[in-house]
**Student:** 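First, the structure itself, so that you have it in front of you.
From a predicted model like this one, the values you see are computed outputs, not experimental measurements. No hydrogens, no waters, no symmetry mates; every other heavy atom, side chains included, goes into these values.
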Amino acid sequence: MLHYIQNNYATVTLEEVADKFYFSTSYLSKLIKANTNLNFTEHITHLKLQSACNYLTHSDLPIDKITEIIGYNDSSYFSKVFRKQYGMTPKQYRQIQISSLSSVHD
């Protein structure tokens with residue numbers, strides 16, 4: 001079930017997962033919390049931001065495209081969520097990552 005969520009984090013809903021695995025949404029919520037220490041929404045946000053960090057570090061895709069790929073409709077909202085989690089904008093994160101990667105290769 002967690003594997004399914006991880007593979008579909010950009011669009012998956014709690015109701016969809018509950019239906020697919022024949023659980024009630026409330027029971028599924030409890031299972032996710034017990035196994036991840038996060039509620040469903042927090043877990044999805046975590047997966048989206050992890051993926052965003054990977055794209056920011058290892059691709060030259062524009063931030064708008066990354067926003068779309070990870071399942072956000074609004075780049076401003078994505079930046080707000082990202083900044084809340086990491087204390088910097090996605091652009092700043094990318095610059096720091098690229099800088100640290102290039103210094104490792106020097």
Side-chain angles (χ1 to χ4, degrees):
M1 174 182 57
L2 289 175
H3 185 69
Y4 178 81
I5 293 169
Q6 186 169 0
N7 287 335
N8 297 283
Y9 67 85
T11 59
V12 76
T13 65
L14 182 66
E15 292 77 15
E16 175 190 335
V17 179
D19 287 347
K20 181 168 182 60
F21 292 95
Y22 306 103
F23 292 121
S24 70
T25 55
S26 61
Y27 182 70
L28 178 59
S29 291
K30 289 175 189 170
L31 278 178
I32 292 169
K33 180 76 170 183
N35 285 284
T36 67
N37 292 323
L38 302 169
N39 69 36
F40 180 79
T41 303
E42 292 167 339
H43 184 60
I44 293 296
T45 300
H46 173 76
L47 293 172
K48 286 180 177 187
L49 292 179
Q50 258 186 333
S51 185
C53 288
N54 188 49
Y55 282 113
L56 291 166
T57 303
H58 301 291
S59 81
D60 59 356
L61 290 171
I63 292 171
D64 286 349
K65 184 66 177 172
I66 294 169
T67 300
E68 180 185 319
I69 291 169
I70 65 169
Y72 285 109
N73 297 322
D74 179 358
S75 294
S76 297
Y77 180 70
F78 164 62
S79 290
K80 179 181 174 182
V81 171
F82 193 94
R83 184 189 304 246
K84 182 178 178 188
Q85 179 67 37
Y86 297 106
M88 65 186 81
T89 66
K91 182 178 179 181
Q92 291 167 326
Y93 181 90
R94 174 176 265 167
Q95 290 169 338
I96 290 168
Q97 294 304 309
I98 289 170
S99 165
S100 67
L101 284 176
S102 66
S103 68
V104 168
H105 296 303
D106 290 344

**Student:** Could you check if a side-chain atom of Phe40 sits within less than 4.5 angstrom of a side-chain atom of Leu28, using non-hydrogen atoms only?
**Tutor:**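 Not in contact.
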**Student:** Considering only residues two or more places apart or on different chains, which pairs with a residue in residues 42-66 satisfy salt bridge (charged side-chain N to carboxylate O under 4.0 Å, His left out)?
**Tutor:**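 Found Lys65-Glu68.
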**Student:** So which heavy atom on Asn39 is nearest to which on Lys33, and how close?
**Tutor:**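 Result for this residue pair: N-CD, 4.0 Å.
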**Student:** Give the minimum heavy-atom separation between Leu47 and Gln6, together with the two atoms involved.
**Tutor:**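 So the minimum-distance heavy-atom pair works out to CD1-CA, 3.9 Å.
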**Student:** Ignoring hydrogens, what is the shortest heavy-atom contact between Ile66 and Ser59? Give both atom names and the distance.
**Tutor:**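 Closest pair (atom of Ile66, atom of Ser59, distance): CD1-OG, 4.4 Å.
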**Student:** Name the residue from Phe82, Phe78, Tyr9 that meets the ring pair (Phe, Tyr, Trp, His ring centres under 6.0 Å) definition with Tyr72.
**Tutor:**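 Output: one option passes, namely Phe78.
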**Student:** For Asn73, look at atom CG and say whether over 12 heavy atoms of other residues, nucleotides or ligands are found less than 6.0 Å away.
**Tutor:**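 Atom CG in Asn73 is not crowded, with 12 or fewer foreign heavy atoms closer than 6.0 Å.
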**Student:** For Tyr27, I'd like to know if atom OH has over 12 heavy atoms of other residues, nucleotides or ligands within 6.0 Å.
**Tutor:**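 No, the 6.0 Å shell around OH holds no more than 12 heavy atoms from other groups.
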**Student:** Using side chain to side chain contact (heavy atoms under 4.5 Å, CB included), reason through Ile63 and Leu56 one step at a time and then give a plain yes or no.
**Tutor:** CA-CA 8 Å; Ile63 292 171; Leu56 291 166; 4.0 Å; yes
**Student:** Closest heavy-atom contact between Leu38 and His46?
**Tutor:**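 Taking every non-hydrogen atom into account, CD1-CB, 4.1 Å.
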**Student:** Between Thr11 and Glu16, which heavy-atom pair has the shortest distance, and what is it?
**Tutor:**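 Where Thr11 meets Glu16 most closely, the heavy atoms are O-OE1, 4.1 Å.
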**Student:** Examine distances only and state if a side-chain atom of Thr57 and a backbone atom of Asn54 form a donor-acceptor pair shorter than 3.5 Å.
**Tutor:**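 No, Thr57 side chain to Asn54 backbone: no donor-acceptor pair under 3.5 Å.
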**Student:** Is there a chain of hydrophobic side chains (I, L, V, M, F, W, Y, each step under 4.5 Å between heavy atoms) that links Ile98 to Ile96?
**Tutor:**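 Each belongs to a different hydrophobic cluster.
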